[in-house]
Amino acid sequence: MSNVRVRFAPSPTGDLHIGGVRTALFNWLFAKNKSGRFLLRIEDTDEVRSTEESVQVILDAMQWLGLNWDEGPGKEDPKYLPYYQMKRKEHGIYQKYADKLVAQGSAYCCYCTQKDVDEMRKQAQANKLPPKYSGKCRHLTVEQRKQEEACGKKAVVRFKMPDTGFIILNDLIRGKIEFDNSLLDDFVIVKANGVPTYNFACVIDDYLMEITHVLRGDDHISNTPRQMQIYSALGWEVPKFAHTAMILGHDGTRLSKRHGHTSVLEYRKEGYLQEALINYLALLGWSTENSQQIFKIDELVNKFSVERCGVSPSIFDPEKLLWLNSEKIRSKTSEQIYELFIDWLKYTNNENLIKGWDVELLKKVIALEHDKINLLKDIYDLVDFFFKREVDYKEEAVEKVLLSDKANGTARVVLTESIVRLRNQQDFSAQALEQYSRNLAVEKNIKTGQVFHPIRVAISGRTQGPSLFHMMELMGKEEVVKRIDMAINKFFR
RNA sequence: GCUGCCAUCGUCUAGCGGUUUAGGACACCGCCCUCUCAAGGCGGAGAUCACGGGUUCAAAUCCCGUUGGCAGCGCCA
C-alpha cells in the first residue's frame with residue numbers, strides 16, 4: 001500500500017450531484033490506481049442548509065455507485081476520526097489552530113458588520129478594484145478590542161493575507177498557476193458563531209487526515225491560494241493539487257436543476273446502471289490514448305491517471321449516457337438483467353407491478369427483448385403483454401395489420417385457419433412454427449408477412465416485438481390459440 | 001468590475017513540431033441483414049483545429065495578442 005490518501009468531501013446540503021460524483025469518482029480511481037486510501041469526509045459546517053437526510057442520501061448514493069470509502073462514516077480510523085466537520089468542531093480542533101494563528105499574528109479578530117463589509121466591497125468594485133475587505137480590524141489594539149466586545153459584538157477571525165508577493169500553484173493537471181497576493185483579501189476563517197469556514201476547515205482536516213492529493217473541480221482554483229497561505233502560516237507541507245475541468249449543461253453553463261436531471265438518484269430511478277454512469281462520467285474530462293469508450297471498472301482503475309485528465313470543460317450529454325447504459329445492459333446475461341430489474345422495482349416501490357408473474361417466463365422474455373432494453377424502466381413495457389390476461393390491442397396496429405384495405409381478407413383467413421391448425425400443431429417449437437407459417441403463406445398464395453403480421457398483432461396487440469415464433473413458443477399453444485380466438489371475436493365478428 | 005481557467009466535427013475526445021488528405025465515440029443519414037422493432041455489419045455527411053500575429057525548412061501542436069465562453073470574487077461549500 002502506498003501512502004496516497006485522497007478524499008471526497010461533500011457538503012450535505014442536497015442530493016449527490018453529477019459533478020460531485022465525477023469528483024468522487026476521480027478521487028476513488030486515483031486512490032485505487034495508486035493502492036492508496038479513499039476517504040469520505042462530511043463538510044457540514046453550513047448549519048443552515050446541512051441536513052441529516054442529505055448525509056444519508058449521499059452515503060446511499062456512494063454505495064450504490066460502488067464508490068466505497070476506506071475511511072469515513074461507518075469506517076472510522078481512530079487516528080483520524082471523526083469524519084464530520086461539526087463533530088470535529090466540537091472537539092475543538094479548529095479553534096486550536098485558529099488560536100494559534102491569532103497568537104502568532106497570522107490572523108485577527110474582526111468586528112466589522114456584514115453591512116460594513118458589503119460597503120467596502122462595493123466601494124472597491126466601484127473603483128475597478130477587486131472586491132476586498134479593507135483590513136480595517138487588522139491593527140486593532142487590545143483596548144479597542146475590549147471596547148468592541150463590551151458592546152456585545154461577536155468577532156469573526158480573519159486570516160491576514162500577505163500584501164505582496166505571489167503564490168505559485170503547481171497543478172498536476174494544469175501546470176503552473178500564479179496568484180497575486182495583493183488581490184486577495186483577509187478572508188474569514190472562523191465565523192461569529194465559532195464555526196470554521198470552508199477554506200479553513202478544509203486545510204486543517206486535509207492536514208490532520210494526511211491527505212496527499214486534492215483532486216477537485218476547477219471552480220476551486222481560486223480557493224487554492226488562500227488555502228496554501230494557511231498551510232504556509234502553519235508551517236505545513238502543502239498537498240498536491242489537481243483541478244479537473246467542470247461538467248457543464250447543454251447551454252455551456254454550470255450544471256444545475258434547469259438542465260434536467262442532476263442528481264444521481266434520478267438516474268437510478270430512471271433505470272440507469274451504476275456502471276454506465278461511472279463509465280460515462282469517467283469519459284468526461286479523462287481519456288485514453290486510443291479514445292476507448294467502454295470500460296469495466298477494473299480497467300478504469302488500471303488505466304486512470306491525472307496526467308490524462310483534460311483541462312477544458314465538457315458538456316453533459318444524456319444521449320451518450322443512454323447509449324452506454326444500453327451497452328452495459330447488452331453485456332449482461334438475462335439472469336443478471338432480471339436481478340437488476342427486481343432491484344430497480346424494489347428501489348422504486350414498484351414490486352407489485354409484476355405480482356403473480358411467472359419468474360422463469362419473465363427471465364426468458366427478458367432474454368428475448370434483451371437488445372431492446374436501454375433502461376431498466378423499459379423492461380416492463382417490453383414484456384408486460386406476455387403476462388396480462390387481456391391483450392391490449394393498439395388501435396394503430398389493429399387498423400394497419402388486421403382491418404386495413406390492404407390486409408383485409410387475408411388477415412381474417414390467416415387467423416381463422418391458424419386457430420384450427422395451431423390447435424392441432426404437435427411441435428410448438430419456434431422452428432416448427434416458422435415452418436407452419438411459411439407453409440400457410442405458400443398454400444394461400446400470400447406473402448409471408450401477411451401471415452406473420454396478423455398473428456403477431458393477434459397475440460401481442462402490437463406490431464413491434466420479439467421474434468414472432470420464439471414469442472409463440474414461449475407463450476405456449478394454449479395461450480396463443482386463446483389470444484387468436486380473442487382477436488377474431490373482437491375484430492371479425 | 002477584478003482575477004483565474006478554457007478554446008479540435010452538434011457533443012465527448014485522440015493529437016504533445018513532420019507518420020494527418022486531422023483519428024475514434026455518441027447523435028444523424030444511407031445500404032445490408034431481416035417476420036416487425038431492435039441489435040449487428042458496411043458506408044456517408046459533419047472540424048477553414050476561435051481569430052490575428054510571430055518562431056521554424058515545417059505548427060492543431062511552441063510564443064504573444066485579440067475575441068468568446070465559463071468559473072470564482074460570502075460569517076456557502
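A note on names: the letters A, B, ... follow the listed sequences, proteins ahead of strands, and every chain is numbered from 1.
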Select base, sugar-phosphate, or nothing to describe what [X] touches, counting heavy atoms under 4.0 Å on all strands.
| X | value |
| --- | --- |
| A/Thr45 | sugar-phosphate |
| A/Asn193 | nothing |
| A/Arg438 | sugar-phosphate |
| A/Gly285 | sugar-phosphate |

Any A/Arg330 side-chain nitrogen or oxygen under 4.0 Å from OP1 or OP2 of B/G40: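 For B/G40, OP1 or OP2 has a side-chain N or O of A/Arg330 closer than 4.0 Å.
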Residue-phosphate contact under 4.0 Å: A/Lys122 side-chain N/O, B/G1 OP1/OP2: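 False: A/Lys122 side-chain N/O out of range (4.0 Å or more) of B/G1 OP1/OP2.
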Minimum-distance nucleotide to A/Ser11 side chain [options: B/A77, B/U13, B/G40]: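 Looking only at heavy atoms from C-beta outward on A/Ser11, the closest nucleotide is B/A77.
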With a 4.5 Å cut-off on side-chain heavy atoms, are [Y] and [X] touching?
| X | Y | result |
| --- | --- | --- |
| A/Arg456 | A/Met471 | yes |
| A/Arg174 | A/Ile221 | yes |
| A/Tyr94 | A/Phe200 | yes |

Euclidean distance for [atom1], [N] against [M] (whole angstrom):
| N | M | atom1 | value |
| --- | --- | --- | --- |
| B/A50 | B/C9 | C1' | 14 Å |
| B/G23 | B/G15 | C1' | 8 Å |
| B/C6 | B/C12 | C1' | 16 Å |

Separation of B/C75 P from A/Asn199 CG (nearest whole Å):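 Atom-to-atom, A/Asn199 to B/C75, this comes out as 11 Å.
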Between B/U34 (P) and A/Asp371 (CG): distance, integer Å: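 It works out to 16 Å between those atoms.
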Are the aromatic ring centres of [X] and [Y] under 6.0 angstrom apart?
| X | Y | result |
| --- | --- | --- |
| A/His250 | A/His259 | yes |
| A/His261 | A/Phe316 | no |
| A/Phe187 | A/Tyr133 | no |

Pairwise distance CZ(A/Phe385) to CG(A/Asp392) - rounded to 0.5 angstrom: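 One finds 11.5 Å between CZ of A/Phe385 and CG of A/Asp392.
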Residue met sooner reading RNA chain B from 5', once A/Phe452 and A/Thr113 are mapped to nucleotides: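 Result: A/Phe452.
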Residue closer to the 5' end of RNA chain B, A/Ser314 versus A/Arg226 (nearest nucleotide):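 In this pair, the answer is A/Ser314.
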[X]: which residues meet the side-chain hydrogen bond (donor to acceptor under 3.5 Å, both in side chains) condition with it, sequence neighbours left out?
| X | answer |
| --- | --- |
| A/Arg462 | A/Asp384 |
| A/Arg41 | A/Glu43, A/Asp206 |
| A/Gln435 | A/Asn439 |
| A/Lys328 | A/Asn279 |

Test side-chain contact (heavy atoms from CB on, under 4.5 Å) applied to A/Val57 and A/Thr51, step by step: CA-CA 10 Å; A/Val57 166; A/Thr51 66; over 6 Å; no
ring-ring contact (aromatic ring centres under 6.0 Å, His included): pairs with one or both residues in residues 436-457 of chain A, sequence neighbours excluded: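 Residue pairs with at least one partner in residues 436-457 of chain A: A/Phe452-A/Phe469.
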Side chain A/Lys128 and base B/C2 donor-acceptor under 3.5 Å: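 Answer no: no donor N or O sits under 3.5 Å from an acceptor.
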Interface with RNA chain B, restricted to residues 453-470 of chain A and to heavy atoms under 4.0 Å: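 Of all residues in residues 453-470 of chain A, the ones placing a heavy atom under 4.0 Å from RNA chain B are A/His453, A/Arg456, A/Thr463, A/Gln464, A/Gly465, A/Pro466, A/Ser467, A/Leu468, A/Phe469.
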Charged tip of A/Arg22 within 45° of A/Phe26 ring normal and under 6.0 Å: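 A/Arg22 over A/Phe26 ring: yes.
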Set of side-chain contact (heavy atoms from CB on, under 4.5 Å) partners for A/Leu322, sequence neighbours left out: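 A/Leu322 satisfies side-chain contact (heavy atoms from CB on, under 4.5 Å) with A/Tyr272, A/Asn374, A/Leu375 once adjacent residues are dropped.
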All pairs passing salt bridge (charged side-chain N to carboxylate O under 4.0 Å, His left out) where residues 238-260 of chain A contributes a residue, at least two apart: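 Residue pairs passing salt bridge (charged side-chain N to carboxylate O under 4.0 Å, His left out), neighbours aside: A/Asp219-A/Arg254, A/Asp251-A/Arg258.
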Provide a list of protein-nucleic acid N or O atom pairs under 3.5 angstrom, restricted to nucleotides 24-28 of chain B.
{"from": "B/G24", "atom 1": "N2", "to": "A/Gln293", "atom 2": "NE2", "distance (Å)": "3.1"}
{"from": "B/A25", "atom 1": "O2'", "to": "A/Gln293", "atom 2": "OE1", "distance (Å)": "3.4"}
{"from": "B/A25", "atom 1": "N3", "to": "A/Lys320", "atom 2": "NZ", "distance (Å)": "3.4"}
{"from": "B/A27", "atom 1": "O4'", "to": "A/Glu319", "atom 2": "OE1", "distance (Å)": "3.3"}

Pick out the pairs of N or O atoms, protein on one side and nucleotides 16-22 of chain B on the other, that lie under 3.5 Å.
none

Polar atoms only, N or O, under 3.5 Å: list the protein pairs with nucleotides 63-70 of chain B and their distances.
none

Pairing partner of B/A50 (Watson-Crick or G-U wobble, both distances under 3.5 Å):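 For B/A50, the partner nucleotide comes out as B/U66, under the 3.5 Å rule.
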Hey, what are the protein-to-nucleotides 3-5 of chain B N/O distances that come in under 3.5 Å?
{"from": "B/C5", "atom 1": "O3'", "to": "A/Arg174", "atom 2": "NH1", "distance (Å)": "3.3"}
{"from": "B/C5", "atom 1": "O2'", "to": "A/Arg174", "atom 2": "NH1", "distance (Å)": "2.7"}

